[in-house]
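Worksheet for the structure shown next.
Counting starts at 1 for both ligands and their atoms, following the listed order. Note that the structure is a prediction, hence the values are computed from the model and not measured.
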Amino acid sequence: MTPFEIIFWMALLAEIIIRAPVNLRRKHEKFTRPNKAILDSILFGLLSLGMFILPLIYCLTPWLDFANYSLPAFTGWAGALIIAGAVAVFWRAHVDLGANWSPTLETREKHELITLGIYAFIRHPMYTSQWLWSVAQALLLPNWLAGALNLLIWTVFYTLRVGAEEKMMLAAFGPAYEVYMKRTGRVFLRIS
Ligand code: SAH
């Protein structure tokens with residue numbers, strides 16, 4: 001394994017550890033689901049293919065070598081910095097969102113609108129983190145299937161999800177979310 005592959009797997013392990021407590025806690029909670037879950041399952045399947053299964057095949061076998069591309073060495077180190085940023089934002093967002101996190105679009109019985117911490121600046125820091133991750137992955141794993149494909153998968157996931165999520169939040173929190181939208185950026189810091 002290259003140092004960049006090791007960095008990729010360490011970052012993935014870090015995200016699994018960060019998410020584990022909310023994932024476990026969630027199993028005891030009641031959620032209402034306004035959205036169909038089938039599309040979500042397909043999207044999550046694609047995301048785990050792009051983020052885990054293809055990288056695993058790439059790192060353990062030569063099967064995907066036909067799809068390699070070559071990059072100068074410094075882009076690998078740039079990828080390492082970017083993935084560290086992705087994990088940091090992911091961690092901060094989990095601290096701030098706490099038990100309000102859910103894998104699919106759902107609101108809890110006693111859902112709280114979080115507007116503090118990193119959520120005071122960006123409405124979707126976990127998605128910011130995933131954008132950073134996807135760019136970093138294409139730099140750390142220079143292969144069209146194991147690296148770059150996840151960027152495409154994430155673009156589809158994000159495009160289908162973010163608008164629907166904001167619609168759901170507007171339906172749940174009304175004017176409070178409208179005000180919140182006006183003073184925050186979607187995935188980038190709002191400079192005003
Ligand atoms: N889009 C957010 C959260 C992803 S988890 C991010 O990128 O950080 C998805 C769930 O988070 C949604 O089902 C919704 O219930 C919840 N959620 C999203 N924004 C929220 C907010 N500001 N406060 C509370 N819950 C929120």
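- Under the ring pair (Phe, Tyr, Trp, His ring centres under 6.0 Å) criterion, Phe173 pairs with His111, not counting sequence neighbours.
- Hydrophobic clustering, with ILVMFWY side chains joined whenever heavy atoms are under 4.5 angstrom apart, keeps Leu13 apart from Phe4.
- Taking only nitrogen or oxygen atoms, main chain and side chain alike, Arg123 does not reach within less than 3.5 Å of ligand 1.
- For ligand 1, one of its N or O atoms has an N or O atom of Ile114 under 3.5 Å away.
- Residue contacts with ligand 1: Tyr119 is placed with a nitrogen or oxygen under 3.5 Å of a nitrogen or oxygen of the ligand (distance criterion only).
- Proximity annotation for atom 14 (C) of ligand 1: of Met181, Met168, Arg186, Met168 comes nearest, heavy atoms only.
- Arg123 has no carboxylate O lying under 4.0 Å from a charged side-chain N of Glu165, or vice versa, which leaves the two without a salt bridge.
- A centroid separation of 6.0 Å or more is found between the aromatic rings of Phe157 and Tyr127.
- The shortest N or O to N or O distance between Ser102 and ligand 1 is under 3.5 Å.
- The closest non-hydrogen atom to atom 20 (C) of ligand 1, taken over Met169, Gln130, His111, comes from Met169.
- In Arg108, neither the side chain nor the backbone holds a heavy atom less than 4.0 Å from any atom of ligand 1.
- In this view, Ala11 and Ile83, Val87, Trp133 satisfy the side chain to side chain contact (heavy atoms under 4.5 Å, CB included) rule, not counting sequence neighbours.
- Counting heavy atoms closer than 4.0 Å to ligand 1, residue Val162 contributes nothing at all.
- Between Met126 and ligand 1, an N or O atom pair is found at a separation short of 3.5 Å.
- Panel note: side chain Asn150, backbone Gln137; no donor-acceptor pair is recorded below 3.5 Å.
- What sits closest to atom 15 (O) of ligand 1 on the protein, heavy atoms only, is Glu106 O, 2.6 Å.
- When only interatomic distances are considered, the shortest N/O to N/O separation between Tyr177 and ligand 1 does not fall below 3.5 Å.
- Taking only nitrogen or oxygen atoms, main chain and side chain alike, His124 reaches within less than 3.5 Å of ligand 1.
- Nearest protein heavy-atom neighbour of atom 24 (C) of ligand 1: Glu112 O, 3.0 Å.
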